[in-house]
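Scope of the values below: all heavy atoms of this structure, side chains included, with no hydrogens, waters or symmetry mates.
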Amino acid sequence: MRTQLLFLLISLLVLNSESLNCYENNPRGHPSDLRVFHISSPCSPFTKKTNTVSWESTLLQDKARLQYLTSLAVKSSVPIASGRAIVQSPTYIVRANIGTPAQPMLVALDTSNDAAWVPCSGCVGCASSVLFDPSKSNSSRTLPCEAPQCKQAPNPTCTISKSCGFNMTYGGSAITASLTQDTLTLANDVIPNYTFGCINQATGTSFPAQGLMGLGRGPLSLISQTQNLYMSTFSYCLPNSKSSNFSGSLRLGPKFQPLRIKTTPLLKNPRRSSLYYVNLVGIRVGNKIVDIPASALAFDPATGAGTIFDSGTVFTRLVEPAYLAVRDEFRRRVKNANATSLGGFDTCYSGSVVFPPVTFMFAGMNVTIPPDNLLIHSSSGNTSCLAMAAAPNNVNSVLNVIASMQQQNHRVLIDLPNSRLGISRETCT
């Protein structure tokens, strides 16, 4: 009996220790580092009961993600229609403490979104079991309609009590939130009066269950609200799905950023002001620079066309002429093997095959994609597929998206004061 009790006590201590590890920050001792978990990791509140990953469903989420990114292009000139549903699929989460005393939340990380929002107590339709309770925070307040932040919120509204709210669609979901200010704590940094949406009503299940933190370039993003603290500079390293604990890091501020790093200029697009555009000038497969029409890679502020880095899309998407050119050259260089299709991927091979390297050529910076980031492997059998796809034609997307799988195990630096994006190799374990 004593042996059984001792075993139970040890088991509980181990479980408790594992649970606490999910909430530890500063994985490498940097004062402004946050741990980043993959959405399927044991630490994630979004982990499903099964360990099986459906890449086909992920491709469908990516397709919806591209539709969202495309909808940002002509927001001021395109009629509102049901086809403009916003469906995002953030795949990495970080810990944020909100309120005084702090209430821990695990929120999705999104470099192409601006505002932050979390489900709040009393929310009707929120699926998360973890809700932020503003009544338990002595630093929380609802913003009035005349607050300048109210004009920056999506579809702002003014309640009978003259407090600011907003509502938006999010894929198949609709969200109604109060614009709130409270203390936000990230790693060891305390950020007073942080503005975010406190969700009080939601329909559907397509929005991140525990909330979202936007790292885009808009006025309500983390980077804009913390300019004095982080100097509009941050970097992140995304772990791959093979990492044992799926942890990477979000590094905030100019300190402790890599000194030796390849960079390319950031471009600004007023039609898609939240996104991080770069100039993709070519793509090399093996030692051959692929013949891609210039229009497929061109940056065009008038239409929103160009190339962005995005943490919410999983597999890189290229506009169709660029993708077909890259795919065909990739197939040509795989000797003595015929390409087949699997799910949403059209360039797959079985058995032992030697694959050519693929290099993205940006202005002033070349990035060769490691094999683990270039190929997706089937869960059953020995099939490997090129982990890229064409941008969906049905939403007339003009965006090339360098997605999270191709960014994994790299430190991606966003340095707005110097208008540059940098990349260096780093193992995110």
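Below 30°, between 30° and 60°, or above 60°: for Y349 and F330 the angle between ring planes is between 30° and 60°, a tilted geometry. Between F360 and F362, the angle of the ring planes lies from 30° to 60°, which puts this pair in the tilted group. Classified by interplanar angle (parallel below 30°, tilted 30° to 60°, perpendicular above 60°), the ring pair F345/F315 is perpendicular.
When every heavy atom of R95 is checked against every heavy atom of L186, the shortest pair comes out as O-CD2, 4.0 Å.
Put simply, CZ on R420 and CG on D415 are 4.5 Å apart, with the number rounded to the nearest 0.5 Å. Summarising the geometry, atom OG belonging to S311 is positioned 9.0 Å from atom OH belonging to Y92; distances are rounded to the nearest 0.5 Å. A distance of 12.0 Å separates CZ in R317 from CG in D310, rounded to the nearest 0.5 Å.
Using modelled atom types, no side-chain atom of S350 and backbone atom of T383 make a donor-acceptor pair closer than 3.5 Å.
Residues D133 and S135 have side chains that bring a donor and an acceptor to within less than 3.5 angstrom of each other. For S249 and R411, the side-chain atoms include at least one donor-acceptor pair closer than 3.5 Å.
Taking the side chain as every heavy atom from C-beta outward, K268 and S419 never approach each other to under 4.5 Å. By the 4.5 Å heavy-atom criterion applied to side chains, D182 and F132 are counted as neighbours. Side-chain contact between I98 and L184 is present, with at least one heavy-atom pair separated by less than 4.5 Å.
When the shell of 6.0 Å around CG of N138 is examined, it contains more than 12 heavy atoms from other residues, nucleotides or ligands.
Less than 2.5 Å separates the SG atom of C123 from that of C126.
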